[in-house]
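Please read all numbers here as calculations on a predicted model, not as lab measurements. Chain letters run A, B, ... following the sequence lines, proteins first, then strands; residues in each count from 1.
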Protein chains: 2
Amino acid sequence: MNLEDIAEKAGVSRSTVSRVINNERYVSEKVRQRVLQVIAEENFRPNPAARTLVTRRSGIIGTAIPQTTNVFFGDNSYYPMLLQGVAEAVNQRDYALLLYLAEEQEERENFAERVVRQRHADGLILSSVIEGDPLFTYLLKHDRRFVIVETPPHHEERVSYVTVDNVAAAEMAVNHLIAIGRRRIAKITGQINIMDAVERLEGYQNALRAHGLPVDPNLIVYGRFHRDAGYEGMKQLLPHQPDAVFAGGDTIALGVLDALTEAGLCVPEDVALVGFDDLDVAERAQLTTINHSVQYVGSRAATLLMDLIEGRLEHPQHIVLPTRLVIRRSTVGS
Amino acid sequence: MNLEDIAEKAGVSRSTVSRVINNERYVSEKVRQRVLQVIAEENFRPNPAARTLVTRRSGIIGTAIPQTTNVFFGDNSYYPMLLQGVAEAVNQRDYALLLYLAEEQEERENFAERVVRQRHADGLILSSVIEGDPLFTYLLKHDRRFVIVETPPHHEERVSYVTVDNVAAAEMAVNHLIAIGRRRIAKITGQINIMDAVERLEGYQNALRAHGLPVDPNLIVYGRFHRDAGYEGMKQLLPHQPDAVFAGGDTIALGVLDALTEAGLCVPEDVALVGFDDLDVAERAQLTTINHSVQYVGSRAATLLMDLIEGRLEHPQHIVLPTRLVIRRSTVGS
DNA sequence: GCGATCTCTGAGAGCGTTCCCAGACTTGTG
DNA sequence: CACAAGTCTGGGAACGCTCTCAGAGATCGC
């Protein structure tokens with residue numbers, strides 16, 4: 001069943017059917033109705049491949065998640081939330097969402113190759129880009145449309161991105177800890193090759209310096225965005241007796257909580273704790289954190305990408321979304 | 001850049017280039033190498049739309065998740081795990097994965113319409129199908145390829161599915177509770193229009209009857225696969241003083257834990273607790289539960305779907321995967 | 001009242017592949 | 001050595017759309 005068949009049944013030409021389907025002007029109301037009726041009767045849907053072939057547009061947005069299994073699910077609802085946001089925006093404009101998920105232990109090279117080989121998508125949303133990321137490098141070099149959902153490596157300004165002001169947010173978090181009287185404030189970072197982690201560390205250091213506090217290397221642990229890393233990191237910090245911890249992400253903070261509980265320390269009396277992201281779990285754990293709606297980042301990124309694809313906006317675009325400090329019991333008690 | 005261009009540069013015909021790309025026989029080694037080299041130089045990738053148009057195969061698998069936001073992320077890692085499994089299988093055979101995510105509060109009708117309208121995918125994986133599901137009904141009627149990742153409504157045998165033996169697993173769980181001496185075993189179900197929930201309830205009842213225990217309607221609460229439902233359900237059950245609860249899913253069990261903690265009751269001394277699914281959180285919460293690798297269900301479903309698409313298997317196929325009781329502290333103490 | 005403009009419709013070309021067929025050349029067989 | 005079978009290559013048609021163009025008819029302005 002194709003346009004020609006519908007045309008015949010409706011007694012018009014293929015061109016007219018195409019016009020009706022694409023909702024173009026210059027079709028008389030009578031003809032439009034007749035065609036619509038035949039389409040409904042035959043339950044006809046135009047072949048997207050044929051359409052794509054000529055328009056050079058598939059209406060598909062790809063989202064690449066280069067992280068392995070244990071990061072994608074588990075406690076970490078970051079990616080699901082991001083995806084939900086992307087899906088929302090994409091649905092609204094009747095695009096489709098293609099998901100590229102890395103295998104456990106898959107090399108970035110291999111992942112990049114896989115994503116690039118299939119040319120289904122009109123554009124890509126990239127997450128967790130690291131320094132020297134092959135996918136990032138390739139896309140940049142070959143001038144394909146894409147949007148990064150964090151600050152790109154080296155603040156590369158030639159690419160479009162949607163991010164939050166991590167530096168300012170981290171400053172806000174640490175200022176809060178200082179305001180409640182903490183002085184030995186420790187930091188556990190996410191993967192330090194991801195810009196989010198770098199910027200949050202930067203903000204932490206800024207805030208300390210601004211208050212004339214020392215930046216003690218013993219109080220900084222380089223970790224990963226993972227609960228286990230928080231747990232291990234905290235164990236490492238304990239001998240140095242911090243009175244507060246600023247975790248690079250909520251999942252890290254959860255691990256910190258595990259370690260503190262195990263050590264018999266009270267939050268916030270002995271150690272105050274601040275996370276980052278305000279994931280679903282943060283509220284449940286009564287965690288003070290930085291809120292920045294991951295979902296909204298996803299939907300803004302998708303909207304931006306579609307605008308770039310459709311030529312409504314010029315490349316590149318930079319969007320920095322606001323953050324908010326959410327104060328809960330992990331810093332102010334009950 | 002298309003086949004013709006590559007052909008010209010390599011001094012051969014379009015057909016030959018096509019043969020090389022599709023790895024067909026009857027191409028001399030010399031020519032094959034030359035063509036491959038030109039392809040590499042030009043960084044050429046064949047246009048998937050053109051290919052799809054003629055082969056009538058896109059190499060795209062769709063996965064439909066009709067649940068709203070709060071179920072997709074949050075504590076519930078069910079869908080991310082399922083997706084990871086699907087992605088794994090799909091990657092292996094160089095298919096792509098299209099994700100259909102319902103909007104918050106989106107009607108099933110509307111969701112079905114959206115999924116069906118875009119004809120990108122060669123086949124679909126359906127989750128959380130309910131009785132009278134419009135998407136399910138449509139696909140069945142129009143003979144589209146799809147696989148359900150649970151038992152279909154009414155045990156509809158004309159469709160392909162991958163599921164676990166929920167009934168047997170539930171029996172196993174309840175038998176365990178009986179074996180440790182519990183007699184007032186309560187049940188909180190998931191949405192009762194989802195077959196998983198129905199079957200787990202059925203197994204619960206079977207086990208009680210098999211041991212001559214009464215099925216007390218006061219001990220059965222009809223809920224949803226959600227932590228809040230577990231919390232509310234347990235509060236409802238408390239006056240009836242159960243000595244054990246069999247939750248329809250791990251997320252429900254977490255809510256039950258919340259309510260028990262709040263009521264000052266001990267697990268498992270006062271109330272023993274069994275979940276279902278063995279999600280990531282189950283181990284952390286030391287929850288006795290039924291393990292059945294959601295991820296594996298996902299990858300089996302995807303593999304099955306691809307086999308159906310490629311005509312390697314006849315439609316319909318029914319796969320029932322084994323389950324395992326994982327005993328943790330929520331039933332046997334420490 | 002008549003050219004200009006707007007509305008409506010259809011035909012043809014083209015998008016970039018795969019598939020089928022024909023033909024040339026090579027190898028095998030009796 | 002003739003003929004069959006196998007190997008390799010190229011050209012044309014087809015997949016189902018959109019887009020451009022041309023032309024017919026209706027409407028408008030002066």
Subject >> With sequence neighbours excluded, residues passing side-chain hydrogen bond (donor to acceptor under 3.5 Å, both in side chains) with A:Arg108 >> reply: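 Result, side-chain hydrogen bond (donor to acceptor under 3.5 Å, both in side chains) vs A:Arg108: A:Asp133.
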
Whole-Å distance between [N] [atom2] and [X] [atom1]?
X: B:Leu53; N: C:dC19; atom1: CG; atom2: C1'; value: 13 Å
X: A:Leu3; N: C:dA11; atom1: CG; atom2: P; value: 14 Å
X: A:Arg56; N: C:dG16; atom1: CZ; atom2: C1'; value: 8 Å
X: B:Asn23; N: C:dT18; atom1: CG; atom2: P; value: 12 Å
X: B:Asn22; N: C:dG16; atom1: CG; atom2: C1'; value: 13 Å

Subject >> First-last contacting nucleotides on DNA chain D - partner chain A, under 4.0 angstrom, heavy atom >> reply: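 Both ends considered, the range comes out as D:dG16 to D:dC19.
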
Sequence-distant partners of [X], side-chain contact (heavy atoms from CB on, under 4.5 Å), two or more places apart:
X: A:Ser128; value: A:Pro66, A:Gln67, A:Tyr79, A:Ile194
X: B:Ser160; value: B:Val147, B:Leu304, B:Leu308, B:His315, B:Pro316, B:Gln317
X: B:Ala121; value: B:Ile60, B:Leu124

Atom pairs, protein N/O to nucleotides 21-24 of chain C N/O, distance under 3.5 Å:
none

All pairs passing salt bridge (Lys or Arg N to Asp or Glu O under 4.0 Å) where [range] contributes a residue, at least two apart:
range: residues 4-29 of chain B; answer: B:Glu4-B:Arg14
range: residues 145-158 of chain B; answer: B:Glu156-B:Arg158
range: residues 91-102 of chain A; answer: A:Arg93-A:Asp307, A:Arg93-A:Glu310, A:Asp94-B:Arg117

Original post:
Of all the nucleotides listed (C:dT7, C:dG16, C:dA13), which has the minimum atom distance to the side chain of A:Arg14?
Top reply: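 Of C:dT7, C:dG16, C:dA13, C:dA13 is nearest to the side chain of A:Arg14.
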
Heavy atoms from other residues, nucleotides or ligands near [atom1] of [X] exceed 12 (cutoff 6.0 Å):
X: A:Glu107; atom1: CD; value: no
X: B:Glu113; atom1: CD; value: yes
X: A:Glu109; atom1: CD; value: no

**OP:** Considering just the side-chain nitrogens and oxygens of B:Ser18, establish if one lies under 4.0 Å of OP1 or OP2 belonging to C:dT18.
**Re:**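 True: B:Ser18 side-chain N/O within range (under 4.0 Å) of C:dT18 OP1/OP2.
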
Original post:
Quick one: ring pair (Phe, Tyr, Trp, His ring centres under 6.0 Å) partners of B:His292, sequence neighbours excluded?
Top reply: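 Residues passing ring pair (Phe, Tyr, Trp, His ring centres under 6.0 Å) with B:His292: B:Phe276.
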
Subject >> Strand contacts (DNA chain D) in residues 26-52 of chain B, 4.0 angstrom heavy-atom criterion >> reply: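 Residues of residues 26-52 of chain B under 4.0 Å from DNA chain D: B:Tyr26, B:Val27, B:Ser28, B:Val31.
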
Subject >> Min side-chain heavy-atom separation B:Val12-B:Arg34 under 4.5 Å >> reply: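 The answer is yes, as the side chains (C-beta and beyond) meet within the 4.5 Å cut-off.
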
Original post:
Is the closest side-chain heavy-atom distance between B:Leu83 and B:Pro80 below 4.5 Å?
Top reply: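 They are not in contact (no side-chain heavy atoms under 4.5 Å apart), so the answer is no.
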
Original post:
Base, sugar-phosphate, or nothing for B:Thr16, non-hydrogen atoms under 4.0 angstrom?
Top reply: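 Since only primed, P, OP1 and OP2 atoms lie under 4.0 Å of B:Thr16, the category is sugar-phosphate.
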
Original post:
Reckon A:Ser15 touches a base, only the sugar-phosphate, or nothing at all at heavy-atom distances under 4.0 Å?
Top reply: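 A:Ser15: base contact, heavy atoms under 4.0 Å.
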
Original post:
So how far off straight is the helix from C:dG1-D:dC30 to C:dG30-D:dC1, going by the axes through five pairs at either end, to 10°?
Top reply: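 Axis-to-axis angle, ends of the helix: 30°.
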
Subject >> N/O donor-acceptor pair under 3.5 Å between A:Asn110 side chain and A:Glu106 backbone >> reply: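 Absent.
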
